[in-house]
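What follows is a single structure, written as structure tokens, with notes after it.
Throughout, residue positions are numbered sequentially from 1 according to the sequence presented. Given the structure is predicted, the values throughout are model-derived calculations rather than measurements.
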Amino acid sequence: MQNITVPVFDSLCSTFQLQAARTWSLVKNNHNTPVHLREDGITALNLQELYQFNSNRFLVFDFTAKKENAITGADWEWWFIQQNSFFGTVVQAKVLSRNLIYSINQSDTNGYPQIQRLLNYAIHYQVTPLYCFYNYWIPGTQSPNWFCHSFGNRSELWGCTLADALNTLLLHQRKRHSVKDLLPISVPWHCVACCPGIYSDELQGIATRACGFAQALRQRLFEVPEERDFRENILDLPEINTKRELPPRIRSLINALQNGDGITRELINDLWNETPPDYVVLQGDITTVLEQ
């Protein structure tokens with residue numbers, strides 16, 4: 001693997017950038033070798049590295065070895081934590097294929113559309129649905145807009161991008177699954193960890209910033225003129241806003257960790273029924289919830 005350098009800004013910010021760059025390299029290998037890493041493998045590597053270098057601000061609960069079947073609600077449920085404020089999302093990952101298509105139209109083993117299961121999860125658990133795209137393209141063949149004023153536009157920082165799942169669905173309904181279709185609604189994922197003043201008052205904290213980031217993602221579709229007729233096509237999704245408390249299922253996970261009870265299959269099934277995510281991720285002021 002090639003040596004990768006990233007700007008030094010903040011340890012968590014830098015790790016997000018580093019993992020984007022490594023993902024860029026991994027997906028390039030997918031395109032150029034007979035050995036392919038799937039979404040679950042890349043997700044595991046990324047979360048492992050984010051935890052390893054930022055364990056005081058990035059906590060991961062891994063359910064993958066404890067689930068009873070292959071049907072999941074999502075790849076990970078992601079909570080951003082600050083004092084007295086929390087913002088929750090649910091994320092489905094997709095890796096860009098060699099022909100520059102994302103498998104948005106994939107169905108699970110029961111034939112149920114994966115994108116609909118993601119949206120149902122978001123509605124049921126009242127969290128904001130996102131897609132995380134793992135990317136590589138030959139530099140110069142795509143021209144995504146770069147809005148970051150803190151870092152220069154480098155191709156490898158597009159290795160991991162985030163997009164609003166509702167916007168992704170609206171494009172999916174027109175069978176638009178290519179990188180050219182989805183780049184206009186995507187943003188490099190380091191934006192959720194870097195540049196605190198972009199999406200909110202920088203003094204308000206990571207949950208407020210992540211909420212503002214998600215609101216900005218939802219609005220990106222409306223910047224694409226030919227898609228504006230989708231304005232009225234809004235599902236019964238929760239509003240994008242912060243909460244004053246963590247939901248009981250997340251609090252129960254934290255309690256089990258603190259009490260040394262372990263995260264058992266029975267606990268996961270009790271909290272999530274039949275569709276748990278592969279991982280639950282807590283990011284931000286972890287001590288705020290561990291000390292309660």
Give a yes or no answer on whether the side chain of Asp270 reaches the backbone of Glu266 with a donor-acceptor pair at less than 3.5 Å.
no
Paired with Val95, the side-chain contact (heavy atoms from CB on, under 4.5 Å) test is passed by just one of Asn135, Asp40, Thr23, Asn30, namely Asn30
Atom pair CD1 (Ile185) and CD (Gln219), whose distance is rounded to the nearest 0.5 Å:
12.5 Å
What's the separation between atom CZ in Arg244 and atom OG in Ser85, rounded to the nearest 0.5 Å?
7.5 Å
Between the side chains of Asn120 and Tyr112, is a donor N or O closer than 3.5 angstrom to an acceptor N or O?
yes
Should the pair Phe80 and Trp78 be assigned to parallel (<30°), tilted (30 to 60°) or perpendicular (>60°) ring geometry?
tilted
Going by heavy atoms in the side chains, are Val91 and Asp75 under 4.5 Å from each other?
no
Does some side-chain heavy atom of Leu253 sit less than 4.5 Å from a side-chain heavy atom of Leu282?
no
Return yes if some donor-acceptor pair links the side-chain N/O of His31 with the main-chain N/O of Leu96 below 3.5 Å, else return no.
yes
pair Arg220-Asp164: side-chain heavy atoms closer than 4.5 Å:
no
Does the side chain of Ile268 reach to within under 4.5 Å of the side chain of Phe61, using non-hydrogen atoms?
no
For Ser178 and Asp181, test the side chains for any donor-to-acceptor distance below 3.5 angstrom and give the result as yes or no.
yes
Disulfide bond (SG atoms under 2.5 Å apart) between Cys194 and Cys13, intermediate numbers included
CA-CA 5 Å; Cys194 307; Cys13 167; 2.0 Å; yes
State, without any angle test, whether Asn54 and Thr15 hold a side-chain donor-acceptor pair at a distance under 3.5 Å.
yes
How long is the gap from CH2 on Trp272 to OH on Tyr121, to the nearest 0.5 Å?
6.0 Å
For a side-chain hydrogen bond (donor to acceptor under 3.5 Å, both in side chains) check, start with the C-alpha distance between Gln82 and Asp285, then their side-chain angles and the critical distance, and finish with the verdict.
CA-CA 5 Å; Gln82 67 190 57; Asp285 188 2; over 6 Å; no
Does Lys243 have more than 12 heavy atoms from other residues, nucleotides or ligands lying within 6.0 Å of its NZ?
yes
Please confirm whether the backbone N or O of Ile123 pairs with a side-chain atom of Gln126, one donor and one acceptor, at under 3.5 Å?
yes
Is it the case that one hydrophobic cluster holds both Ile101 and Tyr136, taking links as side-chain heavy atoms less than 4.5 Å apart, direct or via other members?
no
Got Glu39 and Ser103 here, is their nearest side-chain heavy-atom distance under 4.5 Å?
yes
Quick check: closest heavy atoms across Pro139 and Ser155, and the distance to 0.1 Å?
CB-OG, 3.8 Å
What are the two closest heavy atoms between Asn241 and Cys211, and how far apart are they?
CA-SG, 3.5 Å
Hey, mind stepping through Arg57 and Ser11 against side-chain hydrogen bond (donor to acceptor under 3.5 Å, both in side chains) and telling me if it holds?
CA-CA 10 Å; Arg57 290 191 292 159; Ser11 61; 2.9 Å; yes
Nearest-0.5 Å distance that lies between atom NE2 in His172 and atom NE2 in His177
5.0 Å
Considering only NZ, NE, NH1 and NH2 on the basic side and carboxylate oxygens on the acidic side, decide whether Arg251 and Glu245 come within less than 4.0 Å.
no
Do Phe63 and Arg265 touch side chain to side chain, with heavy atoms closer than 4.5 Å?
no
Answer with yes or no after comparing the ring centroid distance for Tyr131 and Phe133 against a 6.0 Å cut-off, counting only values under it.
yes
Kindly give the heavy-atom pair with the smallest separation between Leu157 and Gly152, and that separation in Å.
CD1-O, 4.0 Å
Supply the atom-to-atom distance Ile254 CD1 to Trp79 CH2, rounded to the nearest 0.5 angstrom.
10.5 Å
Leu130: which of Leu217, Val90, Thr168, Val192 passes side-chain contact (heavy atoms from CB on, under 4.5 Å)
Leu217
Have a look at Trp24 and tell me which of Trp137, Trp158, Trp189 forms a ring pair (Phe, Tyr, Trp, His ring centres under 6.0 Å) with it.
Trp137
Considering all heavy atoms, the nearest Ala163-Ser186 contact
CB-OG, 3.8 Å
Can Leu267 be reached from Val289 by stepping across I, L, V, M, F, W or Y side chains whose heavy atoms are under 4.5 Å apart?
yes
Under 4.5 Å between side-chain heavy atoms, hopping through other hydrophobics if needed: is there a path connecting Phe53 to Leu59?
no
Taking it one step at a time, do Asn29 and Val35 satisfy side chain to side chain contact (heavy atoms under 4.5 Å, CB included)?
CA-CA 8 Å; Asn29 291 340; Val35 182; over 6 Å; no
Side chain to side chain contact (heavy atoms under 4.5 Å, CB included) between Asn167 and Leu182, intermediate numbers included:
CA-CA 9 Å; Asn167 290 344; Leu182 290 161; over 6 Å; no
Keeping the roles fixed (side chain from Ser55, backbone from Gln52), state whether a donor-acceptor pair exists under 3.5 Å.
no
Approximate separation, where rounding is to 0.5 Å, of Gln215 CD and Glu239 CD:
9.5 Å
Intermediate values then yes/no, side chain to side chain contact (heavy atoms under 4.5 Å, CB included), Arg218 and Leu166:
CA-CA 8 Å; Arg218 179 68 56 85; Leu166 175 58; 4.0 Å; yes
Under 4.5 Å between any side-chain heavy atoms of Phe213 and Ile206, yes or no?
no
Test log, rule side-chain hydrogen bond (donor to acceptor under 3.5 Å, both in side chains), inputs Tyr134 and Thr161
CA-CA 7 Å; Tyr134 300 142; Thr161 59; over 6 Å; no
Are side-chain heavy atoms of Val280 and Val60 found at a separation under 4.5 Å?
no
Output yes when Arg22 and Glu49 qualify as a salt bridge under the 4.0 Å nitrogen-oxygen rule, no when they do not.
yes
When you look at Leu162 and Val187, which way does the side chain to side chain contact (heavy atoms under 4.5 Å, CB included) test go after all the steps?
CA-CA 5 Å; Leu162 295 171; Val187 173; 5.7 Å; no
Of all heavy-atom pairs between Gln283 and Ala193, which one has the smallest distance, and what is that distance?
NE2-CB, 4.1 Å
